[in-house]
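Data block below; observations after.
This structure is a prediction, so every number in the text was calculated from the model and none was measured. Chain identifiers are assigned alphabetically (A, B, ...) following the order of the sequence lines, protein sequences preceding nucleic acid strands; residue numbering begins at 1 within each chain.
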2 protein chains.
Amino acid sequence: MKLTEAKLQFVSSWGAFGSHWGINRTMAQIHALLMVSPDPLTQDDLMEQLNISRGNVNMNIRDLITWGLVDRVILPGERREYFTAEKDIWKVATQIIKERKKRELDPMLKLLSQLEKIDGDKKDKDVKQFVETIGGIKKLGLQADKMLDVMVKADENWFLAGIMKMFK
Amino acid sequence: MKLTEAKLQFVSSWGAFGSHWGINRTMAQIHALLMVSPDPLTQDDLMEQLNISRGNVNMNIRDLITWGLVDRVILPGERREYFTAEKDIWKVATQIIKERKKRELDPMLKLLSQLEKIDGDKKDKDVKQFVETIGGIKKLGLQADKMLDVMVKADENWFLAGIMKMFK
DNA sequence: TTGAATTTTCAAAATATTTTGAAAATTAAT
DNA sequence: ATTAATTTTCAAAATATTTTGAAAATTCAA
């Protein structure tokens, strides 16, 4: 397979993959393209290579920047802005984990803590089931939270070594 | 807070949470409601409590069943079908992990392996960056795959104990 | 069998999300 | 300051997803 074809295939699959994870197709495609591009690209490069409008590129690029996955690059003597993606996949993963934890897991745990404090007869089976389910989810969430925290702080080698040892 | 209000809050939040993870709002809500319901519910119960149509309930329930998160229950002497959700949150989590791994991670790893075998000059920086990026993603994916495999096979106590020990 | 109860299907409608593109805003060189 | 290049915004259009509801299929008791 030729590079051009492989890139196309990767970008398209990464877009489809992303959309199963609540990330919009185009944002995932832009990210994919930047990850396999050794040099920074302009908005026009992205428009052309992905066949999408300027506004679309601009919005999604800004989103990727707030996710901490893409950086603006100013090339000396160049008027236009360039964009580049973090290439270290471990950093990409920890960045995504960090953000999703902050945006989704933490608020959910906060809510669960409130819902646990429901008032009602603990003998009532509906109350009992509710409290148990909420409690169970919260417990699992806290474990995940703790695990992700440590992963994010650790560096790659530590993680790989630890995982390898732990899981044979 | 009263049970009814808390249930409503949980169901609604769980729906919103799910939609950040590629799960449709209604499916997540049905799942949430069944998780906090001690007794099995009928399609009519779900229609009424969530204010959704019969067809909607039916489709999403079937989907939840193929995910292995909900079971049909036949109550003796009853004509209608009842539905119940797995209440053990650890089993819920491993079931979801197992399915998503099968549906998404495994196919992605297969694709990455093919894309790695690209032909072209390894000196070319575009080729080099492509191969490195794909290789990095594949490596991380394989690690995740291995880790999830073990988690899914392990039981809750083992997991909690292991995590606690590993992550202090 | 028959037929009433129940479940399933799926085309059409409703809703939600994404994309476009051109106007407005910004930037920086002259 | 002026202006041309570039970026940003956002209402409208296009597209995608979800939901409805009624008809068809299925189930099961009589």
Within 45° of the ring axis of A:Trp67 and under 6.0 Å from its six-membered ring centre, is that where the NZ or CZ of A:Arg103 lies?
yes
In whole angstroms, the gap separating P of D:dT7 from CG of A:Asp44 amounts to 7 Å
Taken to the nearest whole Å, CE/B:Met59 to C1'/C:dT8 is 9 Å
Separation of D:dT19 atom P from B:Ile61 atom CD1, nearest Å, is 14 Å
Against the side chain of B:Ser53, the closest entry in D:dT19, D:dT7, C:dT18 is D:dT19
Just by distance, do the side chain of B:Thr133 and the backbone of A:Met35 share a donor-acceptor pair under 3.5 Å? yes
| Is it true that A:Lys128 and A:Asp121 make a salt bridge, defined as a side-chain N closer than 4.0 Å to a carboxylate O? | no
Of the candidates C:dT19, D:dT19, D:dT9, the side chain of A:Arg62 sits closest to D:dT9
Between A:Arg25 and A:Asn56, whichever has its closest DNA chain D nucleotide further toward 5' is A:Asn56
From CZ of B:Arg80 across to P of C:dA4 the rounded distance in Å is 18 Å
In whole angstroms, the gap separating P of D:dT17 from CE of B:Met27 amounts to 14 Å
B:Arg72 atom CZ is separated from C:dT6 atom P, nearest whole Å, by 15 Å
| request: Salt-bridge test for B:Asp119 and A:Lys2: reply yes if a basic N is under 4.0 Å from a carboxylate O, no otherwise. | output: no
Between A:Glu81 and B:Val57, the residue closer to the 5' end of DNA chain D by nearest nucleotide is A:Glu81
A:Met47 atom CE is separated from C:dT18 atom C1', nearest whole Å, by 16 Å
With the side chain defined as heavy atoms from C-beta on, A:Asn58 is closest, among C:dT19, D:dT8, C:dT9, to D:dT8
Between N or O atoms, less than 3.5 Å apart, protein on one side and nucleotides 22-30 of chain C on the other: list the pairs.
from   : atom 1 : to      : atom 2 : distance (Å)
C:dT27 : O2     : A:Arg79 : NH2    : 2.4

Atom CG of A:Asp63 and atom C1' of D:dT8 are separated, to the nearest Å, by 14 Å
